[in-house]
J.: 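The following block contains the structure, expressed as structure tokens.
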Amino acid sequence: MILLKSHSCGELNKKHLGAKVTLAGWVNRRRDHGGLTFIDLRDREGIVQVVFNPEVSKLCHEVASQMRSEYVVRVSGEVALRPPGTENPKLPTGDIEVIAYNTDILNTSKTPPFYINEDTEIEESLRLKYRYLDLRRARMKENLLLRYRVVKFIRDFLDTKGFIEIETPILIKSTPEGARDYLVPSRVHPGKFYALPQSPQQLKQLLMVAGVEKYFQIAKCFRDEDTRADRQPEFTQLDLEMSFVEEEDILNLLEELFISMVKTIKPEIRMTKPFPRLTYTEAMEYYGTDKPDLRLGMEIRDLSDIVAQSNFSIFLSAIAEGGKVKGICAPGCANYTRHQLVELNEVVRNVGAEGFITLPLGASGGSINDLTLEMVRSVATKFLTLDQIKQIAERLGANRGDLLFIIAGKASKIVDVALGELRLELGRRLKLADPNVLAFIFIVDFPLLWWNEETGQWEAMHHPFTAPKDEDASLLDVAPEKVQGKHYDIVCNGCEIAGGSIRIHTSELQRKIFKLLGYNDDEIEERFGHLLEAFDYGAPPHGGIAPGIDRIVMLLTGEETIREVIPFPKSQTACDLTFSAPSTITEQQLAELHLRLREES
RNA sequence: GGCCCCGUGGUGUAGUGGACAAACAUGCCACCCUGUCACGGUGGAGAUCGGGGGUUCGAAUCCCCCCGGGGUCGCCA
């Protein structure tokens, strides 16, 4: 192989002393001392100092004076020990330097629009416009590398488990039942469209029918929905499916995958092993969400039985109307100001909860047994006895100096969600999330269906291919809301990182579910006929899961958004700011696709 | 579609009704400098304050509309 370089900048050390090397890279920084010039030369592997001494080469020294930041240069020189006292411990290559005897400028560079050699905050739209420069920065380079390591680890791991990686098409059929599809017009078939896969769900099930048994793919998925910090129009998931398995097999495999991945890639990160398991009901009950961040502690507890003994009408009426009174304890927050409490009340109000009560448990440093009513500055002291307050404090695991929040409501779900939001806000304010912990958990026992009030129809909690639990199958006809699905999620630090299920593998049951979801026979045939027919040719029992690669890498890098781990992400309005996509196309292109643009009113 | 935040020399910030002919840091350009490593020194250039309209004697600053970016609710089988 012929390269313009013999070594990379970052690999050089004392072992190379005396070696004649040729390096090529970018000028990270130039320090011109007049008679002597230093260049920090950067390539993918790191930075090394190059010395241009006119006594070694007058020509090199002159060329170096022309160099500027981000110029692409090649240097031939000798690796030498730095003079004693001039070593740079901040640099991995800081013991040595390269004395240049030959150099040339391979390309010049305009002054970049932002710093590449410093880690400063830069407006994201500018970074995205010049993403190729942004990716030169150390932080982004490290993120790209870590992402590669994650995907490499997954491939190696699954290979040892007997999985094979199979590609599935990007141009498939629109079967609208979930997110909005990205569509591609057909030139050959006027008026017809392909859809980009929202996930390879049906394809991987067909691969199971094909007898592949263990399949995976690092798959691009496309969903035309609004973006979030952890959502992009196109994203990458590890798509995985196995035949002849039950829920437990999939969970054990994924647990082993994630534990060994984290140990290998981020050994300093702590995890709870084995991963705790929560049912969907427990998650909602104790955390007010189906993707709880277990690092925060502060579990929600039901207080209805205690306050039922009080004469506080807010509590009593909530309970009488079939609702709940629940609470949460904010450690050490008894001294919160009125203003802070109003702000927190706002959080609760935003999700539609009323009946917000605060109970500060006096000053810190003392037993809860010594608490007196006078210490508790709350309206609730008029209606709650000291003993009731102590019972509440005990149930919430509270100490003196803590602040209790109680929410009463006739709709239990809103009480849970409000306390869940409050918990997240308190977690942020109290910085309870340990960045060196990855709190993986499994969420299991989801309902199969939920009733959509707006459309007046049953909808799939996960997707329509999820199998009901065997013992619940008979309930499908009489009480669909009670049916649990063989559906499981993996949640980590409050982020849903994977969802999967054991699938339906008979056409009979699959048809029944489609009908329950409101499709008529014709629609079922038109949209899912291919899948149902396949099930009639010996489809094996099968199931799988789909972890989100972007989210996993985001958690491992400690980034706040998945855009930081995607080389070329879209903006919130789904634009590619590097290419300025989407863009208009020519009239000829439209005509070939048999399309005419509508006049927007 | 709703709500919230941001937009000031290349970059990051300050300035929130008059003393702004817009400040600071860094970057950039020129000159000086042989051991620096965020080198140092001297000098210099660089901003229609995102765009448009309005209020006012006076607007970077207040109001309205638009554009761009971000967060979030809805949405995300």
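What you see is a predicted model; the values in this text were computed from it and never measured. Lettering follows sequence order; numbering is per chain, from 1. Atoms considered below: every heavy atom in the structure, side chains included; atoms not considered: hydrogens, waters and symmetry mates.
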J.: Rounding to an integer number of Å, can you tell me how far A/Lys129 NZ sits from B/rG10 C1'?
T.: 12 Å

J.: Name the closest nucleotide to the A/Arg563 side chain, picking from B/rG27, B/rA77, B/rG70.
T.: B/rG70

J.: Between A/Asp293 and A/Arg423, does at least one N-O distance fall below 4.0 Å, as a salt bridge requires?
T.: no

J.: With stacking defined as ring centroids separated by under 5.5 Å and planes differing by under 30°, is A/Phe114 stacked against B/rU11?
T.: no

J.: Within this structure, what is the CD-to-C1' distance between A/Gln510 and B/rA77, rounded to whole angstrom?
T.: 12 Å

J.: Grab the CD-P distance between A/Glu496 and B/rA77 for me, whole Å please.
T.: 9 Å

J.: Tell me what A/Thr120 touches on the nucleic acid: a base, only sugar-phosphate, or nothing, going by heavy atoms under 4.0 Å.
T.: nothing

J.: Could you check whether the side chain of A/Glu87 and the base of B/rG35 have a donor-acceptor pair of N or O atoms closer than 3.5 Å, going by distance alone?
T.: no

J.: Determine whether the aromatic ring centres of residues A/Trp451 and A/Trp458 are separated by less than 6.0 angstrom.
T.: yes

J.: Looking at B/rG27, which nucleotide sits across from it as a Watson-Crick or G-U wobble partner, both distances under 3.5 angstrom, or is there none?
T.: none

J.: Ignoring hydrogens and angles, are the base of B/rC76 and the side chain of A/Arg223 linked by a donor-acceptor pair under 3.5 Å?
T.: no

J.: Between A/Ser501 and A/Arg503, do the side chains contain an N or O donor and an N or O acceptor separated by less than 3.5 Å?
T.: yes

J.: Per the side chain to side chain contact (heavy atoms under 4.5 Å, CB included) rule, which among A/Lys141, A/Arg44, A/Arg131, A/Arg42 passes with A/Arg136?
T.: A/Arg42

J.: Does the side-chain ring of A/His33 lie flat on the base of B/rU36, meaning centres under 5.5 Å and planes less than 30 degrees apart?
T.: no

J.: To the nearest Å, give me how far apart CD (A/Glu560) and P (B/rG69) are.
T.: 21 Å

J.: What nucleotide, of B/rU11, B/rG69, B/rG12, holds the atom closest to the side chain of A/Glu123?
T.: B/rG12

J.: When rounded to the nearest Å, what value does the distance between P atoms of B/rC3 and B/rG74 take?
T.: 16 Å

J.: Which nucleotide in the set B/rU11, B/rA77, B/rG35 lies at the smallest distance from any side-chain heavy atom of A/Ile122?
T.: B/rU11

J.: RNA chain B: A/Glu225 or A/Pro112, which has the more 5' nearest nucleotide?
T.: A/Pro112

J.: Of the nucleotides B/rC37, B/rG69, B/rA30, which one has an atom closest to the side chain of A/Arg68?
T.: B/rA30

J.: What does B/rG17 pair with, Watson-Crick or G-U, if both distances are under 3.5 Å?
T.: none

J.: Please report the distance, rounded to the nearest Å, between CG in A/Asp226 and C1' in B/rC3.
T.: 14 Å

J.: Indicate, with a heavy-atom threshold strictly under 4.0 Å, whether A/Gln49 touches base, sugar-phosphate, or nothing.
T.: base

J.: Base, sugar-phosphate, or nothing: which does A/Asp32 touch, judged by heavy atoms less than 4.0 Å apart?
T.: base

J.: Base, sugar-phosphate, or nothing for A/Asn53, non-hydrogen atoms under 4.0 angstrom?
T.: base

J.: For the C1' atoms, the ones on B/rA45 and on B/rC39, what distance do you get once it is rounded to whole angstrom?
T.: 23 Å

J.: Assess the residue pair A/Cys221 and A/Gln237 against the criterion (side chain to side chain contact (heavy atoms under 4.5 Å, CB included)); give the C-alpha distance rounded to whole Å, side-chain angles, the decisive distance to 0.1 Å, and a yes or no.
T.: CA-CA 7 Å; A/Cys221 305; A/Gln237 65 183 30; 3.4 Å; yes

J.: Mind checking the C1' distance from B/rA47 to B/rA23? Whole angstroms is fine.
T.: 12 Å

J.: Between A/Arg82 and A/Glu87, is the closest basic N to carboxylate O distance under 4.0 Å?
T.: no

J.: Quick one: label A/Arg228 by what it contacts on the DNA or RNA (base, sugar-phosphate, nothing), any heavy atom closer than 4.0 Å.
T.: base

J.: Rounding to the closest angstrom, what is the interatomic distance between B/rU56 and B/rC75 at atom C1'?
T.: 45 Å

J.: Please give, in whole Å, the distance from B/rG10 C1' to A/Leu126 CG?
T.: 9 Å

J.: Going by an N to O cut-off under 4.0 Å, is there a salt bridge joining A/Asp32 and A/Arg30?
T.: yes

J.: Just checking A/Arg30: base, sugar-phosphate only, or nothing, at a heavy-atom cut-off of under 4.0 Å?
T.: nothing

J.: Given the P atoms of B/rA22 and B/rC29, what is the spacing between them in whole Å?
T.: 24 Å

J.: Any side-chain N or O of A/Ser125 under 4.0 Å from OP1/OP2 of B/rG7?
T.: no

J.: Would you classify A/Gln572 as touching base, sugar-phosphate or nothing, given that sugar-phosphate means primed atoms plus P, OP1 and OP2, and contacts are heavy atoms under 4.0 Å?
T.: base

J.: Which part of the nucleic acid, if any, lies within contact of A/Glu346, taking any heavy atom under 4.0 Å across all strands shown: a base, the sugar-phosphate backbone alone, or nothing?
T.: nothing

J.: Counting the atoms with a prime plus P, OP1 and OP2 as sugar-phosphate, which does A/Arg29 contact under 4.0 Å by heavy atoms, base, sugar-phosphate, or nothing?
T.: sugar-phosphate

J.: Check if the side chain of A/Thr466 and the base of B/rA77 share a donor-acceptor pair of N or O atoms closer than 3.5 Å.
T.: no

J.: Applying a 4.0 Å non-hydrogen cut-off, can you work out what A/Glu459 is touching in the nucleic acid: base, sugar-phosphate, or nothing?
T.: nothing

J.: Taking B/rA59 as the reference, what is the distance to B/rC49 when you measure between their P atoms (whole Å, please)?
T.: 12 Å

J.: Take the protein atom NZ of A/Lys90 and the nucleotide atom P of B/rU36, then report the distance between them rounded to whole Å.
T.: 12 Å

J.: Can you identify which nucleotide, out of B/rG35, B/rC28, B/rU72, has its nearest atom closest to the A/Ser69 side chain?
T.: B/rC28

J.: Pick base, sugar-phosphate or nothing for A/Leu577, based on heavy-atom distances below 4.0 Å to the nucleic acid.
T.: sugar-phosphate

J.: Side chain of A/Thr561, heavy atoms from C-beta onward: which of B/rG35, B/rG74, B/rG71 has the nearest atom to it?
T.: B/rG71

J.: What's A/Thr37 touching, base or sugar-phosphate or nothing? Going by heavy atoms closer than 4.0 Å.
T.: nothing

J.: Of the options B/rG70, B/rG12, B/rG1, whose atoms approach the side-chain atoms of A/Glu124 most closely?
T.: B/rG70

J.: Given side chains that start at C-beta, do those of A/Lys482 and A/Asp472 come closer than 4.5 Å, heavy atoms only?
T.: no

J.: Are A/Arg563 and A/Glu124 close enough for a salt bridge, meaning some N to O gap below 4.0 Å?
T.: yes

J.: Applying a 4.0 Å non-hydrogen cut-off, can you work out what A/Leu517 is touching in the nucleic acid: base, sugar-phosphate, or nothing?
T.: nothing

J.: For B/rU11, does the base pair up with any side-chain atom of A/Glu118 as donor and acceptor (N or O, under 3.5 Å, distance only)?
T.: no

J.: Could you give the distance separating B/rG10 and B/rG50 at their P atoms, to the nearest angstrom?
T.: 12 Å

J.: How far does the P atom of B/rG53 sit from the matching atom of B/rG46, given to the nearest Å?
T.: 26 Å

J.: Considering only heavy atoms and no angle criterion, is a donor-acceptor pair shorter than 3.5 Å present between the side chain of A/Arg31 and the base of B/rC33?
T.: no

J.: Just call it for A/Pro113: base, sugar-phosphate, or nothing, with non-hydrogen atoms closer than 4.0 Å on any strand.
T.: sugar-phosphate

J.: May I have the distance from A/Ile99 (atom CD1) to B/rU34 (atom C1'), rounded to whole angstrom?
T.: 12 Å

J.: When the aromatic ring centroids of A/Phe446 and A/Tyr280 are compared, is their separation below 6.0 Å?
T.: yes

